[in-house]
Amino acid sequence: MSHPPRKTEAAGWEPIGLTHRVVSAIRAGVSDSIASPSRSKPRERPERRLVARRRACDVDVVVIGGGVNGTGVARDAAMRGLRVALFERNDLAFGASGNSSGMIHGGVRYLTYDPEVTETSCRDSGHIQAIAPHLLFRIPFLVPITKRQRKLALLMDAFFEAYDRYQPLKRGKPHTRLTNAELLELEPGLRGDLYGGITFDEWGIDGSRLCTANAIDAHERGTLLRVGCTIETIDRDDEGAVTAVAWRDRHTGATGRLTTGAVVNATGAWAPITASLSRLPARCARVRPGKGIHVVYDRRLTNYAIMSHTIDGRDIFIEPWQNVSVIGTTDDDYYGDLDNVVATSEEVRYLVEAIARVFPGARKGRIIGTYAGVRPTLYEYGKLEDALSRDHEIVDHAEHGADGLYSMIGGKLASYRLFAEEMVDILARRFDLARKCTTHRSPLPGGDETVDPFAFSQRLRIDAVAARRLVYRHGSRAERIAERVERNRSEARTVCGCEPVIEAEVRYALREEHARSVADVSRRTRLGLGACGGMRCAGRCGTIVAEELGYPPAQGMQQALQFLHHQARTRVCALGPEQARQEALTIASVRAQMGIVGKASLQAVEDKTGLVTGAPPESEPAVAWQPSEGKGGDV
């Protein structure tokens, strides 16, 4: 059964459907006995059987997937008193959550065909701002109107006036009509022959930090958190109900089995593959994977996000995001390896040329990388990618014979908390729990108090920019990192100068935030994601990883090399001739500094360690494509 999305009670929407007791009875063909109970022999209530089974299991629920939906469910379930285990195959925010456009926006473009998504996104954006204020930053948007579009100006004005009705839900500002002179005063880098424009605003956020905060809060509330552990099978009993999961640690090779009363499949684009681990056909958790790429510049090219259109009419933008500029995004059906999603030079050019039509400086800026992710869009055959719904749904696999298994399909970063609440509401009814959701009121780690970054800088005697970035990522929990510096002044040293990141934060991510590799540290801190691409900091970070986790020094260097190789792959598709030559010289210099001369030396390092770290590849790639079982619209 697919549970449709519901609105919040504040908006007048009703709770989801029937209770599990009634649904179970209907499936068993005993609906008559519900209306008129049998007098011959009292039957045990289904809730009592579930509670008894709950006591016999290791945990109440296993959540698979460390993205924003999975970590959000784990946090909510733990807050309501459920015993939870969270498994992530790669790393927190490895998939779409850590490779999004970095906004919890209302979805202004969805207003024309999916207004409910706009409403829920704006409403949940307001909740996220309340529980994680340190992670939010305002992004003002400019929408240029060309002279060819001047007849549409009034229509566009009316459209944004409709969007203004949702803005109070997320503390947004109302839109404003601008003349060409006013537009150029705000952003002189725009084309000079525009008719005018419109301004509105959205909110930026670091998706990786949002996932980490949810996971850490869940862990501190008793959740068993396993990062880098893959689920091998989802076991079911003779009646089909889920009973346990078998897991394997991809770093150490350790294996285990955990009994459970329910399993939540929150693996995004991997959902069909995960569902098949329970011996269900992949079509039972069908998604339509959509690849989206982003292009990253080395600095802020503008202080405003600027919208434009691609050659085929898709809305895209360039945005100031933290200390870089980002162009996004594409939307194309994806059939490749979900663990190895990279941009192509054609996709980069497609985005850059579109932005350059209204903001010519995009052609001259220095591109330092790209990133790509795959959206787990709701499946629908025959529509263009842009026309697909961005809504979400919960699939109850009881109708497929796997009672206790649920798959979360679709969704957006901006409405993750509501999606998680809907999922845990179902779990609460399953386990007969009366506690209501409070995730919209309880601050995430770091969101409870405000920290002055400048006072923080003076107190620790560290660079003011480093202090400000540290406080942004950790909020009030930056104090825990400060305590490390006060105990050991050497940890105030800068490891990554581009972000910047100090040594104490790297060690904190390894000890307290479940990072296990250089790549994991990068997701927690943005180390190596600046202009140098990790060439100045990956080696030092690898040394710290080895020290903190007890690895051999060679293994730390191997992790650094893997990270540098990945970063080089994200850049190569965006390099021009001059930048490519400079890149080759820099890589040669870094290889010499790390004692690597030629392929033989690199192979010697790998042979010497005999270890693979930082999410090693499985024997089979996780591919998005699934064999079709029908024709045409039945695919």
Side-chain angles (χ1 to χ4, degrees), residues 88 90-92 94 212 226-229 248-254 462 466 481 484-485 487-530 532-570 583 585-618:
E88 165 52 44
N90 294 298
D91 183 32
L92 301 174
F94 177 85
T212 300
R226 296 273 190 177
V227 177
C229 289
R248 174 173 57 85
D249 190 312
R250 301 178 71 204
H251 293 262
T252 66
I462 62 174
I481 299 171
R484 295 187 60 91
V485 174
R487 288 194 303 267
N488 183 357
R489 280 298 307 168
S490 66
E491 291 192 11
R493 291 177 297 192
T494 299
V495 178
C496 173
C498 298
E499 177 53 24
V501 179
I502 64 173
E503 183 176 320
E505 186 180 8
V506 175
R507 294 186 184 274
Y508 181 82
L510 292 162
R511 291 194 180 187
E512 307 296 336
E513 296 185 339
H514 299 266
R516 300 177 70 176
S517 69
V518 173
D520 294 357
V521 170
S522 175
R523 272 182 283 270
R524 308 290 190 281
T525 66
R526 292 191 53 78
L527 176 143
L529 300 184
C532 78
M535 294 187 194
R536 296 176 181 172
C537 58
R540 175 59 184 150
C541 183
T543 300
I544 296 172
V545 169
E547 290 175 1
E548 287 290 334
L549 302 183
Y551 296 156
Q555 186 174 346
M557 185 171 75
Q558 184 192 20
Q559 286 197 9
L561 291 172
Q562 289 175 339
F563 178 76
L564 289 172
H565 178 260
H566 175 267
Q567 289 302 103
R569 289 187 66 210
T570 70
E583 177 94 352
L585 288 171
T586 306
I587 290 175
S589 173
V590 171
R591 288 169 67 90
Q593 292 174 22
M594 299 181 73
I596 302 167
V597 183
K599 294 182 179 179
S601 295
L602 179 57
Q603 187 63 48
V605 171
E606 295 174 350
D607 292 343
K608 181 178 179 181
T609 62
L611 297 168
V612 181
T613 60
E618 298 283 356

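Because only heavy atoms are used, hydrogens play no part in the values below, and waters and symmetry mates are left out as well, while side chains stay in. All values derive from a computational prediction rather than experimental measurement.
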CD1 (Ile481) and CD (Glu512) are apart, to the nearest 0.5 Å, by 9.5 Å

Side-chain touch Leu529/Gln567, heavy atoms, less than 4.5 angstrom:
yes

Carboxylate-amine/guanidinium proximity below 4.0 Å for Arg226 and Asp249:
no

Which heavy atom in Arg516 sits nearest to a heavy atom in Tyr551, and how many Å separate them?
O-OH, 3.6 Å

Nearest 0.5 Å, please: how far is CZ in Phe563 from CD in Gln558?
15.0 Å

To the nearest 0.5 Å, what is the distance between CD (Glu491) and CZ (Arg489)?
10.5 Å

Is there a side-chain contact between Arg507 and Ile544 (heavy atoms, below 4.5 Å)?
yes

Taking Val521's backbone N and O only, do any of them form a donor-acceptor pair with Thr525's side chain (distance below 3.5 Å, no angle check)?
yes

Please find the pair of heavy atoms, one from Ala515 and one from Leu549, that lie closest to each other, and give the distance.
O-CD1, 4.1 Å

For a salt bridge (charged side-chain N to carboxylate O under 4.0 Å, His left out) check, start with the C-alpha distance between Arg511 and Glu548, then their side-chain angles and the critical distance, and finish with the verdict.
CA-CA 7 Å; Arg511 291 194 180 187; Glu548 287 290 334; 2.5 Å; yes

CZ of Arg536 to SG of Cys498, rounded to nearest 0.5 Å, is 5.5 Å

Looking at Gly253, is its backbone amide N or carbonyl O close enough to the side chain of Arg248 to form a donor-acceptor pair, meaning the two atoms are under 3.5 Å apart?
no

Distance col, row Cys229:SG vs Asn90:CG, nearest 0.5 angstrom, shows 11.5 Å

Looking at every non-hydrogen atom in both residues, tell me the closest pair between Val506 and Cys541 and how far apart they are.
CG1-SG, 4.2 Å

Shortest non-hydrogen separation from Ala538 to Ala560 and the atoms involved:
O-CB, 3.3 Å

Using atom types as modelled and distance alone, determine if a side-chain donor or acceptor of Ser517 lies under 3.5 Å from a backbone N or O of Asp520.
yes

With side chain to side chain contact (heavy atoms under 4.5 Å, CB included) as the criterion, how do Gln562 and Val518 come out once you've worked through the C-alpha distance, each side chain's angles and the decisive distance to 0.1 Å?
CA-CA 9 Å; Gln562 289 175 339; Val518 173; over 6 Å; no

Is there a donor-acceptor pair closer than 3.5 Å between any side-chain N or O of Glu499 and the backbone N or O of Val501?
no

Going by an N to O cut-off under 4.0 Å, is there a salt bridge joining Arg484 and Glu505?
no

Would you find a donor on one side and an acceptor on the other, under 3.5 Å apart, between the side chain of Arg524 and the backbone of Glu513?
yes

Donor-acceptor pair, distance only, cut-off 3.5 Å: does the side chain of Thr494 make one with the backbone of Ile502?
no

Any chance you could measure Arg523, atom CZ, to Asp91, atom CG, to the nearest 0.5 Å?
4.0 Å

How close do Gly528 and Cys496 get, counting heavy atoms only, and between which atoms?
N-SG, 3.6 Å

Please determine if Glu503 and Arg540 form a salt bridge, counting it only when a charged side-chain N lies under 4.0 Å from a carboxylate O.
yes

Return yes if some donor-acceptor pair links the side-chain N/O of Thr252 with the main-chain N/O of Ala254 below 3.5 Å, else return no.
yes

Could you pull out all residues at least two apart from His566 that satisfy ring-ring contact (aromatic ring centres under 6.0 Å, His included)?
none

